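Heavy-atom basis, side chains included; hydrogens, waters and symmetry copies ignored. Positions are given from 1 along the sequence. Every value quoted in this text rests on a predicted model; they were computed, and no experiment measured them. Start at 1 and go down the list; that is how both ligands and their atoms are numbered.
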Amino acid sequence: MSKTTNQPARRDSFASSFGVLVAMAGSAVGLGNLWRFPYLVGQNGGAAFILIYLGFVILAGLPVMLSEFVIGRRSQASARSAFQKLAPGSHWGITGILGVICCVCILAFYSVVGGWGTEYLYKAVCFDFTNGDAENLKTLFSTLSASVWRPLVGHTIFLAMTAGVVIAGVKNGIEKFSKVMMPLLFLIIIAIAIRSMTLPGSGPGVSYMFRPDWSKVTSQTFLAALGQAFFSLSLGSCMVVTYASYVKKEANIVSLCAQTAVADTAFAILAGCAIMPAVFAFGISPGEGPNLVFVTLPHIFSQMPLGGIIAIIFFLALLLAALTSSISILEVVVAFCIEEFKMKRKAAVALVFAVLWVLGCLCSLSFGPLSDFKIIGKTIFDFFDFVSADVLMLIGGMLAVLFVGWKLGKKVVVDELSNSGKLHIPGWLLNIILFLIRFVAPAALLAIAIFQIHE
Ligand code: TRP
């Protein structure tokens, strides 16, 4: 593996293209795929939702991802300075700062859910679900999330594991971790999907995943699908900008982004195939909502042959998927502190850990003692979720496509996507990509924003 010579020595970088791919896919594949996607599919008409989701991945997700990648790789700098370097003297750096704020908001609540995942893995290992009836499991989850100490322990362990990987750096921490975990994750989810799809009575669940029911589709479905595409592909938050800044000049951006989107979507659909057939086989309604993973699934595991073991590997997968994502979110903030405040990596991780630990505690307590404390009518947890996923990510995505499509312009995009002409990317493909970046993605985002304000 060759060392990059054209970068300042202090900047870490990925060692191989496979490393970039698994790190990007690792960021994308997470709770969004295993927890959010299946319940959204369940609430929004199965395959109909999946088709709309795919449309948004191609029309809005990919252009935003490509734009962020161009910004990061061309500038070789973290969130704010990336924009500043490419547009000196402008105010575009604010986009980077919004991205950093967005990441802080996401990780605050993500770490709490990761903490529940840690707790559930522990319960699965203790075979706590083997005799669970539905009511007990519901109470178990609401009691856990509303209590004070246990979720805080989970949150602390989860955040500490995240920080442990990030402290080791890009090549030695993030890349090495993702290289082992991502293949393992795919193997696990494929195994569970096979188990689930071969359960007696799983047929209706399989057809639910693949036969669209358009009657469940409303304007909300479109909002949910776009939001999910952005959340799942980790867009609009400078995550891609930050990872791309560690990518060498010879990597093929178009193929890396396409592979990331394919891997993420494939994983989401596999997660659906792991969950929906089992849900139907046990006669449970698919529209259970956010409780699906923490209440419905343990209930199913308790009745399924080999369920105890499946529960362990499922919650292990959930934890690993959440970790490969949380490290990417933390890295955005850490890279920002290293570059803007000239901090050492260790000090930056310690600082960000401390801030996020406090915010995460507040999110966690908002299910219990702080449940009456509301900001714009939302609990602290919901507020962070709303500000990041519904507001900042969409604004960040919009600014990224506008910046690349209109401020950097065609020449820079073509130069970057083709590695200054060294890669042959067909002209028609470049034209389609440019059209998506300049017109389609901004229009889709604008339409959704107007929609959301009208709601
Ligand atoms: N994509 C991850 C998931 O599906 C979550 C995630 C990681 C994320 N990095 C992000 C979401 C940055 C938004 C922005 O779980």
For ligand 1, which atoms, with element, lie under 4.0 Å from some heavy atom of [X]?
| X | result |
| --- | --- |
| A28 | 1 (N), 2 (C), 3 (C), 4 (O) |
| G32 | 3 (C), 4 (O), 15 (O) |
| M393 | 13 (C) |
| S232 | 1 (N), 4 (O) |

Proximity winner for atom 6 (C) of ligand 1, if only heavy atoms of S234, G30, C102, S328 are counted: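 Going through S234, G30, C102, S328 one by one, S234 has the nearest heavy atom to atom 6 (C) of ligand 1.
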Around [atom], find the nearest protein heavy atom and jot down its residue, atom name and distance.
| atom | result |
| --- | --- |
| atom 15 (O) of ligand 1 | Y110 OH, 2.6 Å |
| atom 2 (C) of ligand 1 | S27 O, 3.2 Å |
| atom 13 (C) of ligand 1 | I106 CD1, 3.2 Å |

Stepwise side-chain contact (heavy atoms from CB on, under 4.5 Å) test for I448 and F56: CA-CA 11 Å; I448 292 291; F56 278 131; 4.3 Å; yes
Counting heavy atoms only, which part of [X] comes closer than 4.0 Å to ligand 1: side chain, backbone, both or neither?
| X | result |
| --- | --- |
| R36 | neither |
| D264 | neither |
| F230 | neither |
| S237 | side chain |

Enclosure of Y122 OH (heavy-atom neighbours >12, cutoff 6.0 Å):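 At most 12 heavy atoms, drawn from other residues, nucleotides or ligands, come within 6.0 Å of this atom.
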More than 12 heavy atoms from other groups under 6.0 Å of NZ on K138: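 Atom NZ in K138 is not packed in, count stays at 12 or less.
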Ring pair (Phe, Tyr, Trp, His ring centres under 6.0 Å) assessment of Y53 paired with F37: CA-CA 10 Å; Y53 174 80; F37 184 80; 5.2 Å; yes
Would you please indicate yes or no on a ring centroid separation below 6.0 angstrom for [Y] and [X]?
| X | Y | result |
| --- | --- | --- |
| W406 | F439 | yes |
| W116 | F367 | yes |
| F384 | F109 | no |

Whether F315 and F129 hold their rings parallel, tilted or perpendicular, with breakpoints at 30° and 60°: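 Tilted.
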Salt bridge flag under 4.0 Å for residues E68 and R73: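 No, this pair does not count.
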F231, any N or O under 3.5 Å of ligand 1 N or O: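 Yes, there is a polar N/O contact under 3.5 Å.
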Contact check: M239 vs ligand 1, nitrogen or oxygen atoms, below 3.5 angstrom: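 No.
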